[in-house]
There are 2 protein chains.
Amino acid sequence: MLHPLHFVISERLRDRILSGTYQPGDQIPSEHQVMAEFEVSRITARRAIANLAQQGLVTVQRGKGAFVATQQKVVYSLSSPLLSEAEMARQGVEVTVENLQYESVTMPAEVQKILGGAIAYLQKKILLFNGIPSCVDVTYVQPDLGKVYARELRRALTFSVLEKHGISIQKVDAVIECTQADYETSEQLEVPLGHPLIVNRHTAYSQERGAIVHGESISRGDRFCYSVRIERGGSRE
Amino acid sequence: MLHPLHFVISERLRDRILSGTYQPGDQIPSEHQVMAEFEVSRITARRAIANLAQQGLVTVQRGKGAFVATQQKVVYSLSSPLLSEAEMARQGVEVTVENLQYESVTMPAEVQKILGGAIAYLQKKILLFNGIPSCVDVTYVQPDLGKVYARELRRALTFSVLEKHGISIQKVDAVIECTQADYETSEQLEVPLGHPLIVNRHTAYSQERGAIVHGESISRGDRFCYSVRIERGGSRE
DNA sequence: GAATTAAGCTTGTTATAACAAGCTGAAAGT
DNA sequence: ACTTTCAGCTTGTTATAACAAGCTTAATTC
């Protein structure tokens with residue numbers, strides 16, 4: 001036997017998904033239907049379906065079944081964040097903010113090195129796209145800004161609030177990576193343990209003040225991605 | 001019972017990893033040791049270990065055991081790809097290229113829209129970081145460039161080769177997203193089905209010629225990430 | 001000393017079994 | 001008509017069992 005049964009079955013079901021037999025939102029055969037169709041035990045059927053879930057092709061809901069996942073993602077432009085927020089609205093994505101934590105704290109050493117000083121405002125928000133938790137945003141903001149704009153920052157996107165008040169973001173340094181959901185983020189984003197996440201760790205600078213915001217946005221990898229345009233000027237970068 | 005046994009056990013083992021009891025490279029308890037320690041069946045022990053693997057905390061090898069994974073990632077700068085290649089060398093990362101496919105093909109319609117014309121060179125390479133398959137690179141190159149620099153493109157990084165021959169990349173449009181390995185990429189990158197991947201879908205433009213390269217780099221999410229610096233000039237972008 | 005084999009350990013696959021927990025729609029009750 | 005209950009369906013957890021396949025080291029053979 002070249003391949004395990006569970007793999008053969010999951011590739012068969014995968015082919016049906018890719019060929020359009022099952023469309024996004026459609027239910028795929030239940031465990032018992034897979035057992036009957038392929039004449040295997042339940043544990044083999046479950047593993048085949050789990051393989052599909054693992055590849056992001058289906059999402060499984062207890063009591064309901066497994067459904068073909070949409071592959072559509074919201075695109076957020078790092079090059080023009082404010083325009084990107086308007087673009088998301090144009091894509092039919094309504095962003096709402098749920099505040100988890102907002103307080104003045106002593107920064108960890110690595111953050112102090114970036115923002116300077118010892119104290120900053122720590123904000124933790126969940127961003128919901130069309131009511132679905134999709135992003136956990138954890139950032140430190142300079143204390144004076146964090147204090148003055150507290151009310152607005154608790155319920156809107158950080159860059160929008162700052163820009164609205166004339167604090168213009170002149171530069172952003174970002175690192176984009178993939179991680180997997182631990183228990184905490186799996187609960188916050190309502191995804192399974194280990195679900196792929198795309199993380200944007202960033203520091204934003206204004207012209208007059210230097211570094212003003214530092215932190216990370218942790219988004220569902222299945223719902224979100226980043227675009228960026230890199231241009232080189234006349235001189236070598 | 002608030003949480004399943006498998007979850008309780010995996011959180012206990014996770015804490016040991018995070019607290020440093022087990023360091024990267026160390027072996028965690030085997031399935032039978034977990035069975036004995038926590039007095040559970042083998043399937044529960046396996047599931048606990050699988051939860052850790054799912055979170056990227058351990059990697060499991062048949063016949064050997066489960067080992068704490070390193071969390072170190074290679075950082076590749078989108079803002080200065082050539083400098084980034086030198087930086088990788090400085091980080092002790094030797095990049096070698098394994099050519100999978102290199103041929104003149106008729107482009108799919110969407111690629112034609114970007115590169116123009118009907119024919120391009122399709123290159124598929126595996127990039128190995130220190131001998132370990134870490135990235136699958138699939139790109140279309142303008143046909144005249146693909147033909148003239150075939151020998152070099154087969155065994156080096158695309159941008160390096162072009163730059164070396166005076167084809168200067170003036171702009172790059174990129175989309176960064178997370179996906180999960182299907183069978184093909186899991187085989188190419190030697191990772192499990194569903195392993196998180198970071199994908200960079202890009203189009204590179206030169207000043208004189210417009211779009212010259214289009215395609216995607218699919219890298220292991222556990223080994224690779226992107227950095228980018230976004231600056232706004234005097235005018236609003 | 002080098003090569004081969006075997007024992008012991010490790011993970012991988014598959015089966016049967018039973019109970020738990022959530023979802024949905026129809027039937028029963030108010 | 002609205003609310004509650006129940007049956008049937010679905011996935012989730014855990015156990016026992018057995019065999020397969022890979023890894024490593026020690027013992028045996030050449």
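Here is how names work: the chains are called A, B, and so on, in the same order as the sequence lines, proteins then strands, and each is numbered from 1.
- Distance Glu31(A) CD to dC23(C) C1': 14 Å, rounded to the nearest Å.
- Comparing Ile28(B) and Ile43(A) along DNA chain C, the residue whose closest nucleotide (by nearest heavy atom) sits nearer the 5' end is Ile28(B).
- Rounded to whole Å, the distance from CD on Glu39(A) to P on dT14(C) is 15 Å.
- Distance Asn51(B) CG to dT13(D) C1': 12 Å, rounded to the nearest Å.
- In this structure, Ile49(B) places its CD1 atom 13 Å from C1' of dG12(C), rounding to the nearest Å.
- Remark: P of dG12(D) and CZ of Arg47(B) are 9 Å apart, rounded to the nearest angstrom.
- Proximity of a side-chain donor or acceptor of Ser19(B) to a complementary backbone N or O of Asp15(B) within less than 3.5 Å is detected.
- Take the nearest nucleotide of DNA chain D for Gly65(A) and for Ala45(B): the residue whose nucleotide is more 5' is Gly65(A).
- Contact check, Lys64(A) against dT24(C): a side-chain N or O comes under 4.0 Å of OP1 or OP2.
- Rounding to whole angstrom units, CD of residue Gln27(A) and P of dT24(C) are separated by 10 Å.
- Judged by distance alone, the side chains of Tyr22(A) and Arg16(A) do bring a donor and an acceptor atom under 3.5 Å apart.
- A straight line from CZ of Phe67(A) to P of dT10(D) spans 10 Å, rounded to a whole angstrom.
- Look at CE on Met35(B): it is 13 Å from C1' on dT10(C), rounded to the nearest Å.
- Side-chain contact check for Thr139(B) versus Glu216(B): every heavy-atom pair is 4.5 Å or farther apart.
- In this model, the phosphate group of dT11(C) is not approached by any side-chain N or O of Arg46(B) to a distance below 4.0 Å at OP1 or OP2.
- In terms of position on DNA chain C, the residue among Phe7(A) and Arg62(A) whose nearest nucleotide sits closer to the 5' end is Phe7(A).
- At least one side-chain nitrogen or oxygen of Thr44(A) sits closer than 4.0 Å to the OP1 or OP2 atom of dA15(C).
- Among all heavy-atom pairs drawn from Ala174(A) and Asn200(A), the shortest one is CB-OD1, 3.4 Å.
- Close to dT10(C), at under 4.0 Å from its OP1 or OP2, lies no side-chain N or O of His32(B).
- Side-chain atoms of Gln180(A) come within 3.5 Å of backbone atoms of Gln54(B) as a donor-acceptor pair (strictly under, hydrogens ignored).
- Here Arg42(A) lies in heavy-atom contact (under 4.0 Å) with a base.
- Here Ser41(B) does not reach the OP1 or OP2 of dT14(D): none of its side-chain N or O atoms lies under 4.0 Å away.
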